Amino acid sequence: MKYFAGIDIGSTAIKITIVDADKKLVGSKTSGSGSMFYKYAHETLDTLLAELSLTRDAIAYTVATGYGRKIFKEADENISEITANAIGAVAAAREFGSIKTIINIGGQDSKAISLDDEGNVVNFAMNDRCAAGTGKFLDACAMNLEISVEELGEKHFSATGTPLSINSTCAVFAESEIIGLLGNSHSVEDIVCGVHYSIAKRIVKLVKRVGVKEGIYFDGGPALNQGLVHAIENELGKKIFIPPYPQITTSLGAAIMGVDSYAYQNLENIS
Amino acid sequence: MPDKEEIMSKIEPHAIETPAQRQNRHKATEAITVLNTLKESFKKPPEAMQYFYDLFLEVYCRQKSLHSDKTKVGTMCIQIPSEIIYALDCVPIRLCNGFYTDDEIGSDLLPQKACPLVKASVGHLASKNFSDKPDMIYSPTTCDQKTKAGSTIESFGYEVVDVDFPRTKESEISREFFRRSIRNFSADLSRKTGNKLSAKKLKASISKIGYAQTLYHKLSELRKNKNVPILGSDMFLVTNAFFFDKIDHWIEACEKLVAELQTKAQEGFHAAGKVSPRIVYTGSPPIFPNYKIPLIIESSDAIIVADETCSSNRMFNDRVAVDEWFVNDMVDSLADKYLKACTCPVFSKNDDRIRRIVELVRSHNADGVIYQAFAGCTVYELEQRSVLAAMEREGISILYLESDYSPSQQGQLSTRVEAFIESLKIKNRKKT
């Protein structure tokens, strides 16, 4: 049996997904990127292979993606995370229906990707100018509020009244805004809710730039945060689909791309 | 090509550099990095490109003067007719600048959020690091920032003359307005230099620049072929040299380049890969060494086959149409060309620009358009919407990017460009 690996080296986490020749998910692993992308990527791959009782020889084709993609020299191919994300989302949402819009919130950027009927990228918009509206922003807010990122979701739903507004377009200044709100004895819950809405507004602006179409998919680590999902759904006025493992969509896409590229190249070699 | 060490060996260890030395070192680093990338990161460049690589190295790393024997007329924008300057025995030097080092100097003098091109041009004049210092500067009142930059530059001790430029181009009033403005400009330069504008000389300079345009069009024709013999980034270097080079040398070098590329084209040489998408580049101009976006595009397995920018196509595309070869008629015809044919987004209505982009996409068989706007270049930012909508109507894929002169952001920008290029490749694959 041949296996295919998708390696997504992001700013915050390394995500590795392995699929079989039928593009079925075999296993995945996530670890922190830290400062040594290359080393950690290899370690993560080895751990994952060991868990699946596979060896490197079983991997027929590897596709790297994410900001660190070029560092993983052993990859057979590397593609941008936008293309990989689109392929992965279409595959992950197969049972859900057809996907037309992808929202991705990563560690250091956020994206909205618009797809055509065949799942090809037709347009995309990115916020990579500042940390507001990214995973890093959530990290910073949680730290300020002395809670863990995992707690953000549940705090959101205990908020009372109208969500507070956080207007700053800069993550650093947003931090001082949060400190200001704390100083005015607002509750942590209300602030968390405000933070989620401030990210949601930003994301919705991004989505509007590529066009809001039915079939909205949300991935990236922050999609695990139910509070944020709720805020985005509210701002959009539409239901969004969250895959079971939102963090690995892009690496899944890379692995699937590997299956196709492998087939395409071997076809070429024969003919 | 010398490496950085050679250029920088002048610096003694532990010696504290003067600001000028430091700026020159930074600028030399910027220049060499780009030149080396052009030479080494792609297929072997045409031999005739060596002239241009050497020229930029001499001018920007060794501050070699090219025009010590002539009156040097600095121009702040594209709309000052070079033909008139040459006919008055002067040399035009276009001051639009692409150095991040100069942009940083300019940032202390202009608002932080101003356009990097304007900041760099002002910073360059403030730094006094010159191969050829302009004797006087003519500043067409095009965009707000360039218009206002004039007075800042004046405060450094330069003589800056405003050349009135209308923001509309479709009316007869604006045409008459700019004709008068160019008549004033030529009278002013004639008075300052003591040289008389003669019909013979003006006709000769119109025909010389016309010939330079012919050479550009020959290169452009070659880029329409399936196999494109030259990278877009190299082409930007060639047209960029026209800003300041000795015109006869430039013409000679271009003749060689055309000849070599014609041979290469016959041999079926292609500067990019087999499936590299073909790109039309538009927006804020790439000016040496700010070739950030062109280089990202071409190192992401695509090739720029044409452009719609004021550092290249816009300088060469349209000819002067002269009715009668009398001095006044020629001056008026020049004014018309520099106004009517201009596709700068400063104009209230600018459908010409959209038409030009579509035309270039069709004639060069391009797969998509990449539109760059400098952060702070308001007019290109403003025009983004209408251009994007027009491309959508025409069924042309387009990517809009915002960038500046800073060397950061490469990762983010290349992700966008690569994703766009991948989507073009997938489209092409499905077409076949």
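Not measured: the values here are computed from a predicted model. In what follows, chains carry the letters A, B, and so on, assigned in the order in which the sequence lines appear, proteins first and then strands, with residues in each chain numbered from 1.
- Within a 6.0 Å sphere centred on NZ of Lys43(B), other residues, nucleotides and ligands contribute more than 12 heavy atoms.
- Using a 4.5 Å cut-off between heavy atoms, Ile398(B) makes no contact with chain A at all.
- Among Val121(A), Val122(A), Asn120(A), Ile113(A), the residue with the largest count of heavy-atom pairs under 4.5 Å with chain B is Asn120(A).
- Residues Thr415(B) and Glu81(A) meet the side-chain proximity criterion, which asks for heavy atoms closer than 4.5 Å.
- For Phe269(B), the CZ atom is densely surrounded, since the number of other residues' heavy atoms within 6.0 Å is greater than 12.
- More than 12 heavy atoms of other residues, nucleotides or ligands sit less than 6.0 Å from atom CD of Glu74(A).
- Residue Lys111(A): no heavy atom, backbone or side chain, is found under 4.5 Å from chain B.
- Counting all heavy atoms, side chain and backbone alike, Met126(A) lies closest to Arg416(B) at O-NH2, 3.1 Å.
- Within the 4.5 Å cutoff, no side-chain heavy atoms of Phe420(B) are placed close to those of Ile82(A).
- For Lys148(B), the NZ atom counts as loosely surrounded, since its 6.0 Å shell holds 12 or fewer non-hydrogen atoms of other residues, nucleotides or ligands.
- Cation-pi geometry between Arg429(B) and Tyr264(A) is satisfied (NZ or CZ under 6.0 Å from the ring centre, within 45° of the ring normal).
- Judged by distance alone, the side chains of Thr83(A) and Glu422(B) do bring a donor and an acceptor atom under 3.5 Å apart.
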